[in-house]
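Inspection log for the structure reproduced underneath, given as C-alpha cells.
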Amino acid sequence: MIKAIFAAILILLATLPAVADVPKTTLVLPGIDEATMRERFDEMDLQRMEGIWEYPAEEMKLAIERYKGEKNIAYRIILLASNDLCLLPGTVVGYIAPSADPKKFHLWMYTERSKTGLKSPMECVATLSDQATSITFDPPHYRVKVRINLVRFFTKIFQGVSVRPEKVEEKLPVGFRKVYPANGNGEPFNEIRYL
C-alpha cells in the first residue's frame with residue numbers, strides 16, 4: 001500500500017509543469033553596454049518590467065529585457081556596469097518568470113563565481129511596485145532553531161527563569177531601482193522637470 005502511494009506521488013510530481021529551467025551557469029552577451037541597451041529600448045514597445053535598473057546593494061547597473069529561451073522565463077537580467085571589474089558588461093546575472101500574481105515574480109540571481117562567469121542560481125520572490133519603479137526581493141534566509149523543554153524534566157531548577165522578548169530589527173528592502181525609461185520619455189524618476 002505504501003509503495004503504491006509513493007508511486008502515485010512520484011507520478012503526480014513528474015506531471016507537474018516545471019516553473020523554469022534556469023541555466024546552471026551564466027553567459028556573456030558580446031557588445032552590450034548601457035548605450036546599446038538604451039538604443040534597443042528606444043526602438044521597442046516596452047513592458048513595465050523592461051528597462052535599465054540600479055542595484056544599489058551590489059553597486060551594479062542592470063538591464064531587464066524580454067527573453068524567450070527557456071520554459072516560462074519571461075525576462076533576463078544583464079549586467080551593464082559594476083564596480084567589480086571581474087564581471088564583464090553583457091553578463092547575464094539572472095532571470096525572471098511571472099507568477100499568478102501580476103506584482104509577484106520568480107527571480108533567479110547567480111550567487112557564485114566560476115572560471116568562466118557565474119553559477120549557482122538562487123531563487124526568491126520579487127515584487128514589482130505599483131508604478132514599476134522598483135523591484136524588491138528578500139533572498140532566502142536559513143535559520144535553525146533548536147528548542148528543548150528542559151523545564152519538563154527540571155521543574156524546580158527552572159522556576160525562576162524569565163522570558164525576555166527579542167527585538168527584531170527592521171531590514172531595508174533589497175532590490176532594483178528603475179533608471180530608464182521613466183514615464184516613457186527618458187527622464188529620470190523623481191526628478192523635477194521645469195517647463
Side-chain angles (χ1 to χ4, degrees), residues 19-29 32-38 40-41 44 46-67 69-70 72-113 117-143 167-192:
V19 173
D21 291 328
V22 176
K24 300 299 179 213
T25 59
T26 189
L27 66 135
V28 178
L29 306 171
I32 299 289
D33 61 7
E34 186 172 350
T36 58
M37 289 307 296
R38 281 181 186 251
R40 187 184 301 184
F41 288 145
M44 296 171 54
L46 297 179
Q47 296 176 357
R48 296 180 67 208
M49 180 71 74
E50 291 181 296
I52 297 175
W53 301 77
E54 288 179 340
Y55 186 11
E58 296 292 332
E59 298 179 343
M60 294 179 172
K61 194 168 273 189
L62 308 167
I64 298 178
E65 72 172 356
R66 275 174 263 183
Y67 179 66
E70 306 291 332
N72 297 331
I73 296 176
Y75 306 95
R76 64 181 171 188
I77 306 168
I78 304 166
L79 177 70
L80 298 178
S82 173
N83 286 346
D84 186 348
L85 299 178
C86 295
L87 295 173
L88 298 173
T91 302
V92 177
V93 296
Y95 294 93
I96 299 173
S99 73
D101 184 340
K103 292 182 182 180
K104 303 278 185 183
F105 295 85
H106 297 277
L107 171 71
W108 290 268
M109 294 285 287
Y110 291 99
T111 58
E112 294 179 27
R113 292 180 191 267
L118 300 172
K119 64 179 184 174
S120 302
M122 174 189 65
E123 182 182 2
C124 58
V125 175
T127 304
L128 181 65
S129 68
D130 289 335
Q131 297 81 22
T133 58
S134 67
I135 300 171
T136 55
F137 54 91
D138 189 18
H141 305 281
Y142 299 100
R143 187 182 300 176
K167 182 180 177 185
V168 177
E169 298 290 332
E170 180 181 5
K171 294 182 181 179
L172 290 173
V174 176
F176 311 144
R177 276 191 317 242
K178 195 173 225 177
V179 176
Y180 182 84
N183 305 327
N185 61 6
E187 296 295 323
F189 285 103
N190 302 324
E191 188 172 293
I192 298 172

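When reading the values below, keep in mind they use all heavy atoms of this one structure, side chains included, and skip hydrogens, waters and symmetry mates.
Rounding to the nearest 0.5 Å gives a distance of 8.5 Å between NZ of K24 and OH of Y110. To the nearest 0.5 Å, atom CD1 of residue I96 and atom CE of residue M109 are 8.5 Å apart. In this structure, the separation between CG on N72 and OG on S99 is 11.5 Å, given to the nearest 0.5 Å. Atom CG of L79 and atom CG of L62 lie 6.0 Å apart (nearest 0.5 Å). Between the CD1 atom in I52 and the CZ atom in F41 there is a gap of 6.0 Å [rounded to 0.5 Å]. Rounding to the nearest 0.5 Å places CG of L107 at 9.0 Å from CD of E123.
Within the 4.5 Å cutoff, no side-chain heavy atoms of I77 are placed close to those of Y67. The closest side-chain heavy-atom distance from K178 to L128 is not below 4.5 Å. Two residues are said to be in side-chain contact when any heavy atoms from C-beta on lie closer than 4.5 Å; I64 and F176 meet this criterion.
Listed by chain and number, the residues in a side chain to side chain contact (heavy atoms under 4.5 Å, CB included) with L27 are L29, V92, Y95 (sequence neighbours excluded). T36 is linked by a side chain to side chain contact (heavy atoms under 4.5 Å, CB included) to D33, counting only residues two or more places apart in sequence or in another chain. By the side chain to side chain contact (heavy atoms under 4.5 Å, CB included) test, S134 is found to be paired with S129, residues two or more places apart in sequence or in another chain being considered. The side-chain hydrogen bond (donor to acceptor under 3.5 Å, both in side chains) test applied to Y75 returns Q47, not counting sequence neighbours.
Partner of L80 under the side chain to side chain contact (heavy atoms under 4.5 Å, CB included) criterion, chosen from M37, M60, R38: M37.
Under the salt bridge (charged side-chain N to carboxylate O under 4.0 Å, His left out) criterion, the residue pairs touching residues 47-59 are E50-R66, E54-R177, with sequence neighbours excluded. Here salt bridge (charged side-chain N to carboxylate O under 4.0 Å, His left out) pairs that include residues 87-107, with residues two or more places apart or in two chains, are K103-D130.
Contact detail for P56 and G175: the closest heavy-atom pair is CD-O, 3.5 Å. Nearest heavy atom pair, residue P23 against residue P121, reads O-CG, 3.8 Å. Summarising the geometry of A74 relative to P98, their closest heavy-atom pair is CB-CD, 3.8 Å, with the distance given to 0.1 Å.
S120 places no side-chain N or O within 3.5 Å of a backbone atom of T111 that could act as its donor or acceptor partner.
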